[in-house]
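Let me begin by presenting the structure, written as structure tokens, before commenting on it.
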Amino acid sequence: MSKLWGGRFSQDTHHDVEAFTSSLEIDQRLWKVDIQASIAHARMLGRQGIILQTEADQIVKALLQIDDEISSGKIAIDPTSEDIHSDIEKKLRAKIGDIAGKLHTARSRNDQVATDIRLFLRNEVQEIFEALHGLQTYLVSSAQSHTHTILPGMTHTQHAQPVSLAHHLLAYFWMFQRDRQRLADSMKRINQMPLGSAALAGTGFPTEREQLAKDLGFEFLCENSLDAVGDRDFVVEFLSSAAMTMMHLSKLSEELILWSTPEFGFVELGDDVTTGSSIMPQKKNPDVAELIRGRVGLVYGDLMGALTMLKALPLSYNRDLQEDKTFLFRGIDTVKSSLRLMHLMLTKAQWKTQKMQNSLSGDFSNATDLADFLVTKGVSFRQSHEVVGKIVQYCIEKTIKMESISLAELKTFSPVFDESVLSLLPHQAVMNARTSRGGTAPSAVAQQIEIALEFLKK
Ligand code: ARG
């Protein structure tokens, strides 16, 4: 196999070493951005008179053809190439002969690969950003139809206080909003151009990087060539955002799994997004949600893998860096497919609103409101907490629901109770009372939805 660097070697590379060092299987998905960066680089070389304009034109024309031919499947990536950069250059040589060799003037694979990854990641981040936006849009529109749908809000997975389904769904809206903000912020650092740093020290050729960056849509230049070829902070940063998104998706998955059990019965997942059992005919399993929950482990692993690979690397490029793509691409694929499948699963979910409401009956999630009532009558909260605790105990012993307790019974615990307390005890009233900004009352949730819609427009 012909190498980009064969000149100083008198022996062929051992086949085992070739297989061990090859990155083609992983990095071939960079082919399109590699061509894109090479085209811009060739144009710069021509503009600057580093190569002849006619040569630059020839290179660009051939690269555009290669792009077309790979796109249409007319030519394939050669599996014996060392990496995608060598493969594209080989294809270029096949088209235009020795002039192909001029493309690599004032460039190294070190700045080339760093540039390619950034170009590639930029597009992927945009797609993930849109997937998050789509999921958020679904959550808001579902919330709009469920501001009065009531279910138990939980702490410690125990009934705490009633909330609306809208409020519950919107909690995820804000998690995904922060994910989107994190991605947007990380773009400032992804969108910096290493190209022109050459191997590590820059180049003596009269290159020009500002216009080159503009041509490639980079917002900033990497200002230090040593840093530029070794910097993969943006990979870690992306994987950390992706890990957090997966963490959010795993929480939502977990709730869908719990909610679809007969014990909860708050949701029925679609037949086309669940799976059966080979032995138990009755089964309908939430495998998609479970796999999303499980695949969090992949992305956490990718993040730890990238951090560990980078630890204590001396300046500047080291071959260790080649592994960045293994972590990055798996992270991208996992978060993208998980977002897509979560969205699909949610659009097929049927909320069992009656079951949600029924589960509140006699659950004492109205106890805080009883205590708050005494406080409004001048009893200290500590004392009222104690009194209501006794009432809870009484209800449990007598198997009375707190919402059905009589005024006479209440009065035996405190003389302060009067008629007006009874209207506070139904769960809907409890929910409707939580009107504070960011609270679960329909009026507060309506305001929250307005704000969420504003964020979606940005
Ligand atoms: N395949 C290599 C990578 O992904 C390209 C850079 C190779 N550079 C080198 N000096 N061997 O990192």
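Read the numbers this way: they start at 1 and go in the same order the structure lists the ligands and their atoms. FYI, the numbering just counts along the sequence from 1. Note that these values count all heavy atoms, side chains included, but never hydrogens, waters or copies made by symmetry.
- For the pair Met175/Leu252, no side-chain contact is recorded, criterion being any heavy-atom separation below 4.5 Å from C-beta on.
- Between the side chain of Ser142 and the main chain of Leu139, no donor-acceptor pair closer than 3.5 Å is present.
- Cation-pi check for Arg122 over Phe234 is not met; the charged atom does not lie both under 6.0 angstrom from the ring centroid and within 45 degrees of its normal.
- Between Glu237 and the choices Arg232, Arg189, Lys188, the salt bridge (charged side-chain N to carboxylate O under 4.0 Å, His left out) rule is met once, by Arg189.
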Exercise. For side-chain contact (heavy atoms from CB on, under 4.5 Å), just list the numbers for Cys222 and Arg118, CA-CA rounded to whole Å, side-chain angles, deciding distance to a tenth of an Å, and then say yes or no.
Key: CA-CA 12 Å; Cys222 298; Arg118 287 168 184 268; 4.1 Å; yes
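- Salt-bridge check for Arg434 with Asp369: passed, with a basic side-chain N closer than 4.0 Å to an acidic carboxylate O.
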Anything under 3.5 Å between an N or O on ligand 1 and a protein N or O? List each pair with its distance, or write none.
residue, atom, partner, partner atom, Å
ligand 1, 1 (N), Ser23, OG, 3.2
ligand 1, 1 (N), Asp83, OD2, 3.1
ligand 1, 1 (N), Gln322, OE1, 2.9
ligand 1, 4 (O), Lys325, NZ, 2.7
ligand 1, 8 (N), Asn110, OD1, 3.0
ligand 1, 10 (N), Asn110, OD1, 3.1
ligand 1, 12 (O), Tyr317, OH, 2.5

